[in-house]
Amino acid sequence: MNDQSKVTADHLRRDAYLYVRQSSLYQVANNTESSRRQYDLRGRAVALGWPDDRVIVIDVDQGQSGATAADREGFQRLVADVSLGKAGIVLGLECSRLARNNADWHRLLELCSLSGTLICDEDGLYDPGSINDRLLLGLKGTISEAELHFIRARLQGGLLAKAARGELRVRLPVGLVYDQLENVTLDPDASVRAAIEHLHSTFDQTGSAHAVVKQFAADGLRVPARHAPGGPHAGELYWKPLRQDYVLFVLHNPRYAGAYFYGRRKQLSDINGHTRTIHKPRDQWTVLIKDAHPGYITFEQYERNLATLAANAAARGEERHAGPAREGPALLQGLVVCGKCGKRMTVGYHKRCNGQPLPDYHCQREGIATGTPPCQTIHGAGVDAAVATLVLKQLTPLAIETALAVSTELTQRAADADRIRQMGVKRAEDAADAARRRYLAVDPTNRLVADQLEADWNNKLYELADARDEYERATQAGNTPLTNEQQAKVRALAANLPALWANPATPIRERKRLIRLLVTDVTIINTPEQITAHVRLSGGQQHTLQVPRPLRAWEAHTTPPTTIALIDELLDRHPFDEAVSILNQRALTGGWGKPFTVTSLTQLCRIRGIRSHHDRLRAQGMLTLDEIAQQLGVSEQTVKIWQRRGQITGRRIDGRRAHLYHPGQTRPPDRRRRSKPPTSNPAAITRHHRPGTGPEGITTTTTPGGAV
């Protein structure tokens, strides 16, 4: 059957679609003959009977690969129009122009067969509804897909062979450069090397990427970076503030450990044609050559850094160990193991009346998974204190070595930071001097060039001034190497390790890091009587600590039994006000730690059922003021007068001087004196207002003349 006989009136009633595609922009720009051949297929459609204005050219996919239909807008439009029955024929230079993927190619063939659409290439005209033509088109699609594989294999083969020898040139991270012989070496810029070395040393000291960022920000340090290969500043060095992603990139890159690697990442495609990049395990890397070139750290240190980062990850589940030392007061954060189920315990905090957060250790992972109560919850303040005492005891013999190490480390860190800042100033001076020389070398009459060079010179001078100001601020802030006096203070403080530990200026993170240097883990079992903590040290030694069970809230706010017994004893002989004075003199407090008052002591005695001094005296038969007055047949005021004179006895029962009186007392004799007639000398009579001498307070005195 010839080509013309395959074209029917139904085909001509619909439009002809010419699909034009080149795989890359380089081919579009340079392989112009291929593009011309594809556009010439319009004449083939006209020869088959389609008017020129009914030939639709789809060429929006120029520079797109045919390996997938994703992101190919033109091919997606072509498939949609074929499925809607708008296309009578689809033209392409070859089937590889339409698709190099069998899934996309056979999908197009199926749609063309269902809608009665013809397919035409440079070799001939095909009807997908015919088994012979469809067999031939399927074979062409398979060959096209295999051809793409062969092309990629030829291109990748040379790269892999060169990479296996470690000779494939790849983009190096900042801090590493190629020399004239194409060998990888450290950056010749001393400031770049110092910044990268300081980053690694800071991480080795802090053990946290975030802590490295905070340390650089506190010291006012910047890190080097290079512009992308393309653009006006291609490959130029510049400096920027440190970010956490920069730290993670440096720590995860094996090139800084002197290792050559290739094939660390892999691209995966989903069912929608979208690709994503994943990191392969190290044993699946294509090439890994250790000690291939100079590095900033050893490969062993690189592996330790990765292990530290993995331990610091906040979402590692069962694989997570101690985690990074954080700011919370839980000293054993990440080190506590449940003694019942063997799982890691998490940290929580609660506050008491003083507002100070106190740690709690929870074993709740299984409870969360199964909806059951936590395995155990332990108040951690007592355990933390016991483990800290053990650590200080173990570290005491090494106090002097610790002091020297701390002093040396602080001095080295301050010196490194100061040296990096000085290099920044020197770099800004060199840049300003170079800009000045360029400006002085230009012809003054060429104002277009001279103005730009002058502006560049001014910018470099501003940068130099900023660098000097930053260095001065850091110097004034004390971010400089330690003086001899400061080193002596550090040695003296570190030699007394308990004082260093208790010093409020010592950050809790540093206490935790010190604990982790010695303690591997702490297994805790909580019983009603006490808390048992099995401490495993890094050297393999084990210690078992018995910590008293922390008091519950009502127990902590309960007055001690010894104080209750003393109160009961005091109330035998003293009223409430005198008992309060005695208790406060002895610095005894109630359950809330506050001094006693008459009101609080009265309430405590009422709650505890302790009889007051008044009740005890009444139980002994002592009489009230009203009862003793009736017994003696006098007024209450007379009883008070007699009691003040000492003529009757009683006991004080409160702070208002109320008394109880002993029973069985008799009426005292009348002590009133007989009144004397007045004398002729009025001065002989004087009035003395002395309390307790009588109802009227009048007494007589002897005159100088002897009259009474």
Side-chain angles (χ1 to χ4, degrees), residues 350-356 358 360 373 376-383 385 526-531 546-632 634-637 639-640 642-644 646 648-665:
H350 71 277
K351 290 186 177 181
R352 289 291 176 88
C353 56
N354 57 1
Q356 192 72 16
L358 299 175
D360 293 317
Q376 59 177 348
T377 299
I378 299 174
H379 182 58
V383 179
N526 190 17
T527 61
E529 296 79 18
Q530 62 186 5
I531 298 174
Q546 304 292 343
V547 181
R549 179 183 62 82
L551 298 177
R552 299 180 177 89
W554 65 270
E555 294 174 335
H557 297 153
T558 300
T559 304
T562 55
T563 304
I564 295 296
L566 178 60
I567 292 174
D568 189 28
E569 180 183 349
L570 291 176
L571 291 180
D572 285 337
R573 303 183 304 275
H574 304 280
F576 283 127
D577 58 330
E578 293 180 358
V580 166
S581 299
I582 296 173
L583 291 172
N584 291 337
Q585 288 175 1
R586 299 185 183 183
L588 298 177
T589 60
W592 291 91
K594 297 179 180 180
F596 281 102
T597 62
V598 173
T599 302
S600 63
L601 183 59
T602 303
Q603 184 178 7
L604 175 64
C605 292
R606 183 172 65 253
I607 295 174
R608 291 299 187 93
I610 301 175
R611 293 185 304 169
S612 65
H613 187 55
H614 171 272
D615 295 339
R616 297 169 191 244
L617 295 180
R618 288 288 289 170
Q620 296 173 9
M622 297 190 70
L623 305 177
T624 63
L625 178 63
D626 179 63
E627 293 173 344
I628 192 66
Q630 293 180 4
Q631 177 180 324
L632 299 179
V634 294
S635 66
E636 295 180 0
Q637 185 65 26
V639 172
K640 292 180 180 180
W642 289 346
Q643 189 270 333
R644 287 197 295 268
I648 60 175
T649 60
R651 298 282 296 276
R652 188 170 64 84
I653 59 173
D654 58 24
R656 293 173 293 181
R657 304 191 66 80
H659 287 69
L660 291 179
Y661 301 89
H662 295 92
Q665 300 187 71

Test log, rule side-chain contact (heavy atoms from CB on, under 4.5 Å), inputs Thr562 and Leu566: CA-CA 6 Å; Thr562 55; Leu566 178 60; over 6 Å; no

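With rounding to the nearest 0.5 Å, the separation of CG in Leu571 from CG in Leu601 is 6.0 Å. Here the straight-line distance linking atom OG1 of Thr624 with atom NE2 of His659 works out to 13.5 Å at 0.5 Å rounding. Remark: Leu623 CG to Ile628 CD1 distance equals 5.0 Å, nearest 0.5 Å. Distance CD/Gln665 to OG1/Thr649: 4.0 Å, rounded to 0.5 Å. Note that OG1 of Thr599 is 10.5 Å distant from CZ of Phe576, once rounded to the nearest 0.5 Å. Note that the CG atom of Leu632 and the CH2 atom of Trp642 stand 6.0 Å from one another [nearest 0.5 Å].
For Pro595, the side-chain contact (heavy atoms from CB on, under 4.5 Å) partners are Asn584, not counting sequence neighbours. By the side-chain contact (heavy atoms from CB on, under 4.5 Å) test, Gln620 pairs with Leu617, sequence neighbours left out. Applying the side-chain contact (heavy atoms from CB on, under 4.5 Å) rule to Glu529 yields the partners Thr527; only residues at least two apart in sequence or on another chain are considered. In this structure Gln637 satisfies the side-chain contact (heavy atoms from CB on, under 4.5 Å) test together with Ser635, Lys640, Ile641, Arg644, sequence neighbours excluded.
Using a 4.5 Å heavy-atom cutoff, the side chains of Leu604 and Ile564 are in contact.
Residue pairs meeting the salt bridge (Lys or Arg N to Asp or Glu O under 4.0 Å) criterion with at least one partner in residues 593-613, sequence neighbours excluded, do not occur; the list is empty. Legend: side-chain hydrogen bond (donor to acceptor under 3.5 Å, both in side chains) pairs involving residues 572-583, not counting sequence neighbours, sorted by first then second residue: Asp572-Arg616, His574-Glu578, Asp577-Arg652, Glu578-Arg652.
Asn526 approaches Thr377 most closely through the heavy-atom pair ND2-O, 3.7 Å. Phe596 and Thr559 get closest at one heavy-atom pair: CZ-CG2, 4.5 Å. Summarising the geometry of Gly621 relative to Pro663, their closest heavy-atom pair is O-CG, 3.5 Å, with the distance given to 0.1 Å.
The number of heavy atoms from other shown groups lying within 6.0 Å of CD (Glu636) is above 12.
Side-chain contact check for His614 and Asp654: no donor-acceptor pair (N or O, by modelled atom type) lies under 3.5 Å.
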